[in-house]
Amino acid sequence: MDMAAPMIHTSVTSRLRAVRRLSLILLWTLPSMLIQMVCVVLPGRPKVAFAKAYWAVFARLLGLQVRVIGQLASGTSERPVIFVCNHSA
């Protein structure tokens with residue numbers, strides 16, 4: 001039995017999966033750019049709400065799982081907040 005055949009199949013399927021993900025990301029990003037351009041000129045919080053939705057879908061398309069621990073920073077804080085992930089397993 002040839003052991004190279006399963007490796008070739010795995011390589012081909014992983015490449016197809018990567019192409020599919022990148023294609024979906026591109027198909028999601030292009031129309032999202034237009035939506036975000038409109039949201040930026042609108043008053044209020046549509047630009048923030050859409051940005052959150054965009055990155056949530058983007059992460060999902062990449063296959064990432066986002067786990068939130070704790071609470072979101074309140075908008076009343078005077079200091080800016082930076083969220084950093086230093087490890088993923």
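Computed from a predicted model, the values in this text were never measured in an experiment.
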Exactly one of Leu16, Leu22, Leu24 clears side-chain contact (heavy atoms from CB on, under 4.5 Å) with Arg20, and that residue is Leu24

Parallel, tilted or perpendicular for Trp55 and Phe58, by the 30°/60° rule? perpendicular

With rounding to the nearest 0.5 angstrom, report the CZ to CG distance, Arg21 to Leu61. 8.5 Å

Please answer: with hydrophobic residues joined when any side-chain heavy atoms are less than 4.5 Å apart, are Val57 and Leu64 in the same cluster? yes

Which of parallel (below 30°), tilted (30 to 60°) and perpendicular (above 60°) describes Trp28 and Tyr54? parallel

Between Arg45 and Lys52, the two heavy atoms sitting closest are NH2-NZ, 4.4 Å

Main-chain N/O of Leu26 paired with Thr29 side-chain donor or acceptor, under 3.5 Å: no

Between the OG atom in Ser32 and the CD1 atom in Ile25, the distance rounded to the nearest 0.5 Å is 11.5 Å

